[in-house]
K.L.:
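Please see the structure below; I have some questions.
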Amino acid sequence: MSRIRIKDILKTTPTNQTITVKGWVRTFRNNSFIALNDGSTNNNLQVVVDFTTTPEEILKRITTGAAISATGILIASQGKGQTVEVKATSVEIIGDSDAEKYPLQPKKHSLEFLREIAHLRFRTNTFGAVFRVRNSLAFAVHKFFNEKGFLYIHTPIITSSDAEGAGEMFHVTNFDIANPPKDENGAIDYKQDFFGKSVNLTVSGQLEGELAAMAFSDIYTFGPTFRAENSNTARHLAEFWMIEPEMAFYELKDNMDLAEEMLQYVIKHALDNNLEDLEFLSQRLEEEEKQKPQNERSELSLLDKLKFCLENKFERVTYTQAIEILRESNHNKKKKFQYLIDKWGVDLQSEHERYLVEKHFRKPVILTDYPKEIKSFYMRQNDDGKTVAAMDILFPGIGEIVGGSQREERLEKLETRMNEIGIPLEDLSWYLDTRRFGTCPHAGFGLGFERLVLFVTGMTNIRDVIPFPRTPKNCEF
RNA sequence: UCCUUCUUAGCUCAGCUGGUUAGAGCACAUGACUGUUAAUCAUGGGGUCCCUGGUUCGAGCCCAGGAGAGGGAGCCA
């Protein structure tokens, strides 16, 4: 007899059919009631065993965490709390779980503790929900771009390109690091290394993505990226997944339209397909916020916040307008900002972004046209000579979730800017070739996937939305 | 990397002004009960008080250094 997944069983009308279920025991109450979970849904299936006829040695092995197979009759539940249950005729222990040593208990654990046992935290309600939503969002990303006719391109993980300046890179080498070969000057001789040169893990697939966009028109990458920054925050990982679309013949506004449409599409997909999990996470968040003082609690529940994002256009303002709003704000005048806004040209701090999103506009905000000094070399220079065609999307509670721009397609302008900043042209000659041969206006953006998952699940630490987080001083599993 | 708070049983935490044998709830074990919903009741076992050094007659508590974690900041996605 084949196994039926619990998600499907719970939707079935009981007609006394005999079924077999397999899963892991969450709790075993009263020597009779097994709460069984197989990860297909957050809801458990109640399996009722008759302890008067079930052998004692089987009953003793039905412990929290054990894998079991149960065969029995699906009936309408005789107790409250569930609609159907399985009246077991036989229970088989597939894998024992020593109750004394199994770390998960049928009670609340701290997220910090569960992070230490990340290999087992999938078996909790919270992480079950989080990773089902994560899966759903990843699928929705591919679905969205596929429906739009975008080509999914795999940009390299190991790269010799280090000119992007997005952050510290992880070095990749095959050398015995205690004794690397040296050249005549005593420097490490990378000519003898595996790739014959010094290489790193990628910090972004954007530059390679641009190359592909200059042939396929509309492409995206969705893969892991790596930053060796020693940043210890709830929003940063050393290894994270990034979605980077790149579109030929797109200008800044097209870029913003696409990013907004995509975010709304994937959020809607999660609401349509993972409502139970999101309801659970929404409730979880409410419980958690009850511990906070009234003024720190969010006004909207998680579900309402997600729906709000679907029903409202994102606010679009230029950097210059944003500076004006911040400078004129009571917050600034009363010197409540740690960094006061005084002049045009300063970079916005998290507190300013949060003020714009959470206090002033109270919705997602797209900030555009930043001063060129605080943005990357490849961003297209505006006619005012001061700003570039950049756009950042700021989300409540998350901050920057998307960073993008229209790219500089004019060869001379790009070369001049690279010279100003001190990026050797020869290092990126392959990149500049796209501007030499059939250049065209194009644009793209990067979306931190984990930050998206943070927003949709309402979790507050990025380490809790990726299965096995890599952060400074931590690379377990 | 900086600021700040924390680290006591498997988990969540209490531990007074530095004073004898370090506590509770949950979990676990044993027994009772048997339509439970984190079942309930009784009994029991369980400790490198993060590490190293110092002060003191005496340190879980005070001091110095280190490690790890949380929150905030910077950098960013």
Side-chain angles (χ1 to χ4, degrees), chain A residues 26-35 43-52 59-60 63-65 75 77-82 85 87 97-117 120 124-125 164-168 203-206 222 224-244 259 292 296 337-339 347-354 374-376 392-395 398-404 445-455 460-466 471-474 476:
Chain A
R26 283 287 173 84
T27 62
F28 183 38
R29 283 186 296 270
N30 230 357
N31 230 2
S32 308
F33 304 99
I34 303 169
N43 298 313
N44 301 323
L45 175 68
Q46 176 153 287
V47 176
V48 187
V49 299
D50 185 347
F51 63 86
T52 57
L59 289 174
K60 278 205 182 311
T63 56
T64 304
I75 58 170
S77 179
Q78 297 170 26
K80 287 171 188 160
Q82 59 278 319
E85 65 189 19
K87 201 157 187 64
S97 173
D98 184 339
E100 206 171 347
K101 293 185 181 140
Y102 188 62
L104 293 173
Q105 303 161 19
K107 71 161 200 172
K108 270 211 162 63
H109 289 100
S110 68
L111 294 174
E112 290 83 10
F113 171 66
L114 293 172
R115 229 169 270 156
E116 291 170 16
I117 50 165
L120 296 172
T124 64
N125 287 331
E164 216 241 329
E168 288 294 308
V203 293
S204 160
Q206 182 202 313
F222 185 177
T225 47
F226 309 86
R227 305 273 166 95
E229 294 288 347
N230 188 16
S231 51
N232 238 307
T233 81
R235 295 181 305 282
H236 290 85
L237 290 164
E239 177 185 288
F240 64 101
W241 289 67
M242 192 148 61
I243 297 147
E244 294 176 288
K292 289 191 193 166
E296 284 176 32
F337 286 128
Q338 199 187 335
Y339 297 88
D347 207 351
L348 298 181
Q349 311 291 321
S350 324
E351 57 176 346
H352 305 131
E353 297 180 348
R354 227 180 300 128
I374 59 175
K375 286 292 178 183
S376 299
D392 284 359
I393 302 185
L394 310 177
F395 262 35
I398 309 290
E400 187 180 339
I401 192 166
V402 163
F445 61 86
L447 167 69
F449 184 57
E450 281 76 17
R451 290 193 180 171
L452 174 67
V453 183
L454 265 187
F455 179 74
T460 48
N461 193 314
I462 202 162
R463 293 159 202 209
D464 297 328
V465 298
I466 188 167
T471 51
K473 300 273 156 56
N474 179 18
E476 293 303 310

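Every heavy atom of this structure was used, including side-chain atoms; hydrogens, water molecules and symmetry mates were not. Below, chain A is the first sequence line, B the second, and so on; all start at residue 1.
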K.L.:
Could you measure between the two C1' atoms, the one in C11(B) and the one in C28(B), and give it in whole Å?
P.N.:
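Pairwise C1' distance, C11(B) against C28(B), rounds to 12 Å.
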K.L.:
For nucleotides 70-74 of chain B, give me every protein contact, N/O to N/O, under 3.5 Å, one pair per line with atom names.
P.N.:
from: G70(B); atom 1: OP1; to: R115(A); atom 2: NH1; distance (Å): 2.4
from: G70(B); atom 1: OP2; to: R463(A); atom 2: NH1; distance (Å): 3.3
from: A73(B); atom 1: OP1; to: R354(A); atom 2: NH2; distance (Å): 2.3
from: G74(B); atom 1: OP1; to: Q349(A); atom 2: OE1; distance (Å): 2.7
from: G74(B); atom 1: OP1; to: S350(A); atom 2: N; distance (Å): 3.3
from: G74(B); atom 1: OP2; to: S350(A); atom 2: OG; distance (Å): 2.5

K.L.:
Could you give the CZ-to-P distance, from F113(A) to C13(B), as a whole number of Å?
P.N.:
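It works out to 12 Å between those atoms.
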K.L.:
Between G74(B) and C3(B), how many Å separate the two P atoms, rounded to a whole number?
P.N.:
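To the nearest whole Å, 16 Å.
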K.L.:
Take atom P in A64(B) and the same atom in G23(B), then report the distance between them in whole Å.
P.N.:
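Rounded to whole Å, the distance is 30 Å.
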K.L.:
Please report, rounded to the nearest Å, how far the C1' atom of C75(B) is from the CZ atom of R227(A).
P.N.:
10 Å
K.L.:
So Q338(A) and E351(A), do their side chains get closer than 4.5 Å, heavy atoms only?
P.N.:
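Of all side-chain heavy-atom pairs linking Q338(A) with E351(A), at least one is under 4.5 Å.
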K.L.:
Using a 4.0 Å cut-off on protein heavy atoms (strictly under), produce a 5'-to-3' string for nucleotides 26-39 of chain B with B for base contact, S for backbone-only sugar-phosphate contact, and - for none.
P.N.:
BSSSS---BBBBBB
K.L.:
If we only count heavy atoms from C-beta on, is the L394(A) to I401(A) side-chain gap below 4.5 Å?
P.N.:
no
K.L.:
Answer whether the closest heavy-atom distance between the side chains of D392(A) and K375(A) falls below 4.5 Å.
P.N.:
yes
K.L.:
Report the secondary structure of RNA chain B in dot-bracket form, marking unpaired bases with a dot and bases paired to a different strand with |, and treating Watson-Crick or G-U pairs with both distances under 3.5 Å as paired.
P.N.:
(((((((..((((.....[...)))).(((((.......))))).....(((((..]....))))))))))))....
K.L.:
Sequence neighbours left out, what passes side chain to side chain contact (heavy atoms under 4.5 Å, CB included) with A234(A)? Give chain and number order.
P.N.:
N461(A)
K.L.:
Can you tell me the distance, in whole Å, between the NZ atom of K375(A) and the P atom of C75(B)?
P.N.:
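Interatomic distance, NZ of K375(A) to P of C75(B): 11 Å.
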K.L.:
If you look at every heavy atom in N125(A) and R26(A), which pair is closest and at what distance?
P.N.:
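Minimum heavy-atom separation between N125(A) and R26(A): OD1-NH1, 2.9 Å.
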K.L.:
Measure the spacing between CG of N230(A) and CD of E168(A) and express it to the nearest 0.5 Å.
P.N.:
10.0 Å
K.L.:
Apply ring-ring contact (aromatic ring centres under 6.0 Å, His included) to F28(A) and list each qualifying residue two or more places apart in sequence or on a separate chain.
P.N.:
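Listed in chain order: nothing, the list is empty.
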K.L.:
What's the gap between C63(B) and U56(B) when it is taken at their C1' atoms, as a whole Å value?
P.N.:
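Pairwise C1' distance, C63(B) against U56(B), rounds to 12 Å.
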K.L.:
Using the C1' atom as the point on both nucleotides, what is the distance between A27(B) and G45(B), in whole Å?
P.N.:
13 Å
K.L.:
If I pick the C1' atom on U8(B) and the same atom on C13(B), what distance separates them, to the nearest angstrom?
P.N.:
9 Å
K.L.:
Classify I401(A) by what it touches in the nucleic acid, base, sugar-phosphate, or nothing, heavy-atom distance under 4.0 Å.
P.N.:
sugar-phosphate
K.L.:
Whole angstrom is fine here: how far is it from CD in E239(A) over to P in A77(B)?
P.N.:
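Spelled out: CD on E239(A) to P on A77(B) is 17 Å.
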K.L.:
Measure from CG on L120(A) to P on G10(B) and round the result to the nearest Å.
P.N.:
17 Å
K.L.:
When you compare G25(B) with G44(B), how far apart are their P atoms, in angstrom units rounded to a whole number?
P.N.:
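The same atom, P, in both gives a distance of 12 Å.
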K.L.:
Side chains of R29(A) and T27(A): do they bring a donor and an acceptor to under 3.5 Å?
P.N.:
yes
K.L.:
Write down the distance between CZ (F226(A)) and C1' (A77(B)), rounded to a whole number of angstrom.
P.N.:
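One finds 14 Å between C1' of A77(B) and CZ of F226(A), rounded.
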K.L.:
Could you check T471(A) against E450(A) and say which one's nearest nucleotide on RNA chain B is further toward the 5' end?
P.N.:
T471(A)
K.L.:
Would you say that R451(A) contacts M242(A) through its side chain, given a criterion of any heavy-atom pair below 4.5 Å between the two side chains?
P.N.:
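When only atoms from C-beta onward are counted, M242(A) and R451(A) do not touch, as no gap falls below 4.5 Å.
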K.L.:
Measure the shortest side-chain to side-chain distance between V402(A) and L452(A) over non-hydrogen atoms and say whether it is less than 4.5 angstrom.
P.N.:
no
K.L.:
If you measure from the P atom in A22(B) to the same atom in A29(B), how many Å do you get, rounded?
P.N.:
26 Å
K.L.:
Would you please name every residue forming a side chain to side chain contact (heavy atoms under 4.5 Å, CB included) with T52(A), sequence neighbours left out?
P.N.:
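By the side chain to side chain contact (heavy atoms under 4.5 Å, CB included) rule, T52(A) matches D50(A).
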K.L.:
How long is the span from the CD1 atom in I398(A) to the OG atom in S350(A), to the nearest 0.5 Å?
P.N.:
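If I round to the nearest 0.5 Å, the distance is 12.5 Å.
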